[in-house]
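Report on the structure given below.
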Amino acid sequence: MKRYYPWLMAIMGMLVLLTSNGLIVTGLTAFDESLLKEFDWTRSQLKMRDLITLVLAGWLGPFIGAIIDRAGPRRLILGGIALLGAMYFAYAFVNSLTHLYLIHVGLGVVLVAAGLNVAVIYVSQWFSVQRGTAIGIALVGTSLGGMIFPPLAVHLLKTMDWRTAFMWEMAIPATFLVIAYFLVHSPSEKNIKPWGADKVAAKAVADAAANIATLPDLTYRQALRTRTFWALATVAMTTFFSIMAVSQNLFLHMRDLQFTPVQAGSALSLMFGLAMVGKFLFGMLADILSAKVVFIVNLLIMASGAAVLATMRPDLVWYALILFGLGWGGLYTMIQLLAVNAFGLSSAGKILGTVTLLDATTAGLGIWMAAKIFDMTGSYKPAFQLVFVLIAVALVMSTLVRDERARLARLAS
């Protein structure tokens, strides 16, 4: 069991993201129509909640990143999941925009404590080799959340009011909190070596014998001075704007196209299902092929999906979601993997936390701006056209990414 424990931890990373991202980022969208009907809010007023959540998560990212580097992820994960359950309980009693926005302040803290950065660093600690595959497995959780929770909410809303449905869904973080308490641990806590540590150690000895230098990790300040950091940050900002603008408005967009609530929920499941395939598939390919090449291919696929989505044709929307979801899934994995590979793990918390500050801010803006554009024009078409342009910008920036650790080693020699 000890030998394969790291792979169990990759699955635990997946469950962390399934619970946190799934219930916050995607699980709430199926409730949008019910909330709009009861409170008579505009779409942009409702979607301001997501802007608050993601901007707060982004600005807290670098500070929490420093805590990850020092204290480890276990306490953050447990605290974040507990807070998630409390916020879902509070959602069942929401009665105003102010109340809604305060709840989403709490959910922003959850996304930092038990979100992407913590899960990636947590899983990376358990793997010295095959890290791309492991991160891909963990990030599958975000897609599983999109596949599971919107249809679950649609099903619950058929038999109960939305407030009662929130109370039922509160059981999900409560259950996972118990599981995480017993299973989420670091390698030092379990006295288990990371996967492939012996091979890496043997290679280090062989490299030393052959006078081959070990690649150094970059400090946070060194990383900020590289073009790779800013290229990855730009890709993250533009694509997360696009991803969130589409996914968080997709349910309402499908309803505008006269699809049923079940079909709208299925659209989210399709897109996130393909994203799940992309995360795992492209994570594995990155262990075999050049991660940068896989990165660029992901962006090309995603851009194709965005172009089709911008046509606004109901008969093509399913093909657009297939391409968009598949490209997004692989891209999600590649950004994290390329950052860890380029800069190392020593300052990964601060580096990924800073990227999160930037991309979460634009992601929140994407959700709100798409809704605001709809309020002003009565259509999502201009928003989806903007999405295509931003992904094209990301494609250009992706060509500037390089291995900064290898470059630093060459300069030192």
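Numbers here are sequence positions counted from 1.
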Are more than 12 heavy atoms, taken from residues, nucleotides or ligands other than [X], located less than 6.0 Å from that residue's [atom1] atom?
X: Phe39; atom1: CZ; result: yes
X: His155; atom1: NE2; result: no
X: Asp40; atom1: CG; result: no
X: Met87; atom1: CE; result: yes

Using modelled atom types only, decide if a donor and an acceptor are shared between the side chain of [X] and the backbone of [Y] within a distance under 3.5 Å.
X: Trp59; Y: Leu357; value: no
X: Thr19; Y: Pro173; value: no
X: Asp375; Y: Ser44; value: yes
X: Lys47; Y: Gln248; value: yes
X: Thr311; Y: Ala307; value: no
X: Thr53; Y: His104; value: yes

Next item on the list: Determine, stepwise, if the pair Val55 / Trp368 fulfils side-chain contact (heavy atoms from CB on, under 4.5 Å).
Entry: CA-CA 11 Å; Val55 168; Trp368 178 80; over 6 Å; no
Where [X] and [Y] come nearest, the two heavy atoms and their spacing:
X: Ala10; Y: Ala134; result: CB-O, 4.1 Å
X: Ala320; Y: Gly305; result: CB-O, 3.6 Å
X: Trp162; Y: Ser34; result: CD1-CB, 4.0 Å
X: Pro382; Y: Ile373; result: CB-CG2, 3.9 Å
X: Val184; Y: Tyr122; result: CA-OH, 3.7 Å
X: Phe240; Y: Asp359; result: CB-O, 3.9 Å

Side-chain contact, heavy-atom cut-off 4.5 Å: [X] with [Y]?
X: Val118; Y: Val16; result: no
X: Met167; Y: Glu169; result: no
X: Leu365; Y: Met237; result: no
X: Leu250; Y: Thr29; result: no
X: Thr133; Y: Trp7; result: yes
X: Phe229; Y: Leu218; result: no
X: Pro314; Y: Phe259; result: yes
X: Met12; Y: Ile179; result: yes

Checklist line | ring-ring contact (aromatic ring centres under 6.0 Å, His included) between His185 and Tyr5, intermediate numbers included | finding: CA-CA 10 Å; His185 297 285; Tyr5 201 83; 7.5 Å; no
Notebook entry, point to check: After noting the C-alpha distance and the side-chain angles of Phe176 and Leu84, does the key distance pass the side-chain contact (heavy atoms from CB on, under 4.5 Å) rule?
Noted result: CA-CA 11 Å; Phe176 179 67; Leu84 175 58; over 6 Å; no
Margin query: Please report whether the ring centroid of Phe31 lies less than 6.0 Å from that of Tyr91.
Written below: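 Aromatic pair excluded; centres sit 6.0 Å or further apart.
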Any chance you could measure [X], atom [atom1], to [Y], atom [atom2], to the nearest 0.5 Å?
X: Met271; Y: Leu323; atom1: CE; atom2: CG; answer: 12.5 Å
X: Leu152; Y: Ser269; atom1: CG; atom2: OG; answer: 10.5 Å
X: Leu18; Y: Leu144; atom1: CG; atom2: CG; answer: 6.0 Å
X: Ile81; Y: Tyr181; atom1: CD1; atom2: OH; answer: 16.0 Å
X: Trp41; Y: Asp32; atom1: CH2; atom2: CG; answer: 10.5 Å
X: Thr239; Y: Leu299; atom1: OG1; atom2: CG; answer: 7.0 Å

Next item on the list: May I ask you to decide whether Arg163 forms a salt bridge with Asp161, counting only side-chain N to carboxylate O separations under 4.0 Å?
Entry: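 Asp161 and Arg163: not salt-bridged.
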Next item on the list: I would like to know whether Phe295 and Leu331 meet side-chain contact (heavy atoms from CB on, under 4.5 Å); could you show each step before the answer?
Entry: CA-CA 6 Å; Phe295 187 46; Leu331 177 69; 3.3 Å; yes
Check: What do the steps show when you test Phe272 against Trp328 for ring-ring contact (aromatic ring centres under 6.0 Å, His included), and what is the final call?
Finding: CA-CA 9 Å; Phe272 283 99; Trp328 167 24; 5.0 Å; yes
Donor-acceptor pairs are to be reported for all side-chain atoms of residues 391-401 against protein atoms at under 3.5 Å, with residues two or more places apart or in another chain.
{"from": "Ser398", "atom 1": "OG", "to": "Leu395", "atom 2": "O", "distance (Å)": "2.6"}
{"from": "Thr399", "atom 1": "OG1", "to": "Val396", "atom 2": "O", "distance (Å)": "2.6"}

Next item on the list: Please work out whether the ring planes of Phe89 and Phe93 are parallel, tilted or perpendicular, with thresholds of 30° and 60°.
Entry: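 Answer is tilted, since the angle falls between 30° and 60°.
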Margin query: The test is side-chain contact (heavy atoms from CB on, under 4.5 Å); show your working for Phe384 and Asn249 and say whether it passes.
Written below: CA-CA 11 Å; Phe384 294 159; Asn249 288 279; 5.6 Å; no
Notebook entry, point to check: Could you give all pairs that pass the salt bridge (Lys or Arg N to Asp or Glu O under 4.0 Å) test and reach residues 247-260, with sequence neighbours left out?
Noted result: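 Residue pairs with at least one partner in residues 247-260: Glu33-Arg255, Arg43-Asp256.
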Note to self: Before you tell me yes or no, could you show the steps for Trp168 and Tyr88 under ring-ring contact (aromatic ring centres under 6.0 Å, His included), namely the whole-Å CA-CA distance, both residues' side-chain angles and the distance that decides it to 0.1 Å?
What the structure shows: CA-CA 9 Å; Trp168 275 96; Tyr88 253 64; over 10 Å; no
